[in-house]
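Proteins come first, then strands; the chains are lettered A, B, ... in the order of their sequence lines, and each starts at number 1. Note that the coordinates shown come from a computational prediction; the quantities given were computed from them, not determined experimentally.
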Amino acid sequence: MLEINKIRLNKENVIELLGVKNFKDADQKINTLIDLDEKKRQVQKQLEDIKADLNVKAKEIGKFMMQGEKDLAEKTKQEVAALKENSKDLEKELSEKEKEIEELLLSIPNLPHSSVPKGKTAEDNIVELMEGEIPKLWEGATPHWDLCAKYDIVDFELGNKITGSGFPVYKGKGAKLQRALINFFLDEATKNGFDEVQPPLMVNEASAMATGQLPDKEGQMYAIPLDGFYMIPTAEVPLTNIYRDTILQEKDFPIKKCGYSQCFRREAGSYGKDVRGLNRLHQFDKVEIVCIAHPDKSYEQLEKMKQHVMGILSKLELPYRILRLCGGDMSFTSALTFDFETYSAAQERWLEVSSVSNFETFQSNRLKLRFKNQEGKTQLAHTLNGSALALPRIVASLLENNQTPQGIRIPKALVPYTGFEIID
RNA sequence: GGAGAGAUGGGUGAGUGGCUGAAACCAACAGUUUGCUAAACUGUCGUACCUAUAACGGGUACCGGGGGUUCGAAUCCCCCUCUCUCCGCCA
């Protein structure tokens, strides 16, 4: 959520930046917002003046009572009653205005960083870097879903039976590979200074609200209405919420956390080749990295997080590319996002395996995640996060790219974790 | 699931209707003293919003959350949430 004060101060700039994100009716919405805000403050002032008066009179009554001046006390009480009538209307108006402002603010996305390219769709993203060679496959090479069946390592049918589509069962070396990747990712993150955390897989409404899953993305999450919980769509939610309602010291920065979790997404409306095999699941595994940084240093941290992801992809010997997302393709909450995609050779397409973003103060505003700056004032911190990494598409790429007539070769860095060098 | 107790500022913890935005202690921060450290002493020490401005100024709200009683509520009443203890169940 954007800060109303900043909008008030930089109105023109805000409207322009929202344009980069292709936000509709930015001009009109921001103007309404500012009008509402103006009115709200006016009403608030009036109301508070009355309340101040009320407080003074209440004290007077106390004094009169003690001094036994009943008449004066009664007279003051009547004055109070009159004032109270006035304040009721103002009170109502104030809370209405506040609600309207809140709703409007919630509907406005984060402002893009100045380096975000204009654009509408994924087509307009900028390829920043491409690393590794696209493998040439042998004639008998097949997409990963066939390989999963051939080696009996991921069973989609079985998952259908137990739960439904998008909940595969990993078997044998497939299960072991999952475990190996999780451990590998966590170890790598820990080496790079991210503290390991094992978070809850369900969160309450306040947490989902604070990181921005609610209210607008409600349909994306599995809900447990009986208890008011939501299955997490990413570990970002619990990891970032560790710091909800927190005031940090400058010396605490940067805070770096990593955590493995299973992620649950309803993915309503997805279809076709995008969802085939491991490309898109309702339940999947992911190691997430989160950073809470000083506003002056957050882009430095973003760069470090990028480096971290690059490092693990290289160790996995996967060809990948980095995209700088354009305004139109960026998430609602992000100020700057880099997507990582690995090449999946049999499908002949790039698969998104990580997304690293700086949210600046957009999340921390709702989280009330602040720090005391050098002047001793509280100020919003910056939050960042990224996947490092999401498993299924990594597995898809590994299986497809490393397939040989003899079986699927495991990259060297992973062998100590899997305990085997080949899936056959 | 049953019974009971509780929720106050960074922590411990006082406070049962007005003098309490909140004692005291601890921690923290700044300073004095000091050869250094320690100790001692002095001061500062919640958050948000509004307003103001020459100003370290003024106001409102907040003692788990929501509602109520009252001229006035941390304090009384109602509802909710959470925590703890005991019992039951259980990986």
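Both A:G62 and A:N5 sit near RNA chain B, but only A:G62 has its closest nucleotide nearer the 5' end. For the pair A:T378 and A:R41, nearest-nucleotide mapping onto RNA chain B gives the more 5' position to A:T378.
The side chain of A:R370 contributes no N or O atom lying less than 4.0 Å from OP1 or OP2 of B:U47.
With 3.5 Å as the limit, one finds no donor-acceptor pair spanning the side chains of A:N385 and A:Q363. In summary, the side chains of A:R276 and A:N279 do not present any donor paired with an acceptor at a separation below 3.5 Å, with no hydrogens or angles considered. Side-chain contact of A:S355 with A:D339: a donor-acceptor pair under 3.5 Å is present, judged by distance alone.
Once rounded to the nearest 0.5 Å, the distance linking CG of A:N358 with CD of A:E303 reads 12.0 Å. A:Q403 contributes atom CD, which lies 7.5 Å from atom NZ of A:K150 (distance to the nearest 0.5 angstrom). To the nearest 0.5 angstrom, A:Q249 atom CD is 10.5 Å from A:N373 atom CG. Note that SG of A:C326 is 8.5 Å distant from CD1 of A:I126, once rounded to the nearest 0.5 Å.
Under the 30°/60° scheme for interplanar angles, the aromatic rings of A:Y222 and A:F167 are found to be tilted.
Within the shown strands, B:C41 is the pairing partner of B:G31 under the Watson-Crick or G-U definition, both distances less than 3.5 Å. The partner of B:A7 is B:U81, judged by Watson-Crick or G-U wobble contacts that both fall below 3.5 Å.
A:K372 places its NZ atom 12 Å from the C1' atom of B:U44, with the value rounded to the nearest Å. Look at CG on A:D252: it is 15 Å from P on B:A28, rounded to the nearest Å. The CG atom of A:N204 sits 15 Å away from the C1' atom of B:C80 (whole-angstrom rounding). As a whole-Å value, the separation of A:Q249 CD from B:G10 P is 12 Å.
Using atom C1' as the reference point in both B:A38 and B:U34, the two lie 10 Å apart (nearest Å). The C1' atoms of B:G17 and B:G11 are separated by 29 Å, rounded to the nearest whole Å.
Contact annotation for A:L54: no contact, since no heavy-atom pair falls under 4.0 Å across all strands.
Near-neighbour residues of RNA chain B inside residues 71-79 of chain A, defined by a heavy atom below 4.0 Å, number-ordered: A:K77.
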Give the B/S/- string for nucleotides 53-68 of chain B, one per nucleotide from 5' to 3', where a protein heavy atom under 4.0 Å of the base yields B, of only the sugar-phosphate yields S, and otherwise -.
------BBS-------

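Residues A:T240 and A:F359 are not in side-chain contact: their nearest non-hydrogen atoms beyond the backbone lie 4.5 Å or more apart.
When each of B:C50, B:G72, B:U47 is scored by its nearest atom to the side-chain atoms of A:K84, the top-ranked nucleotide is B:G72.
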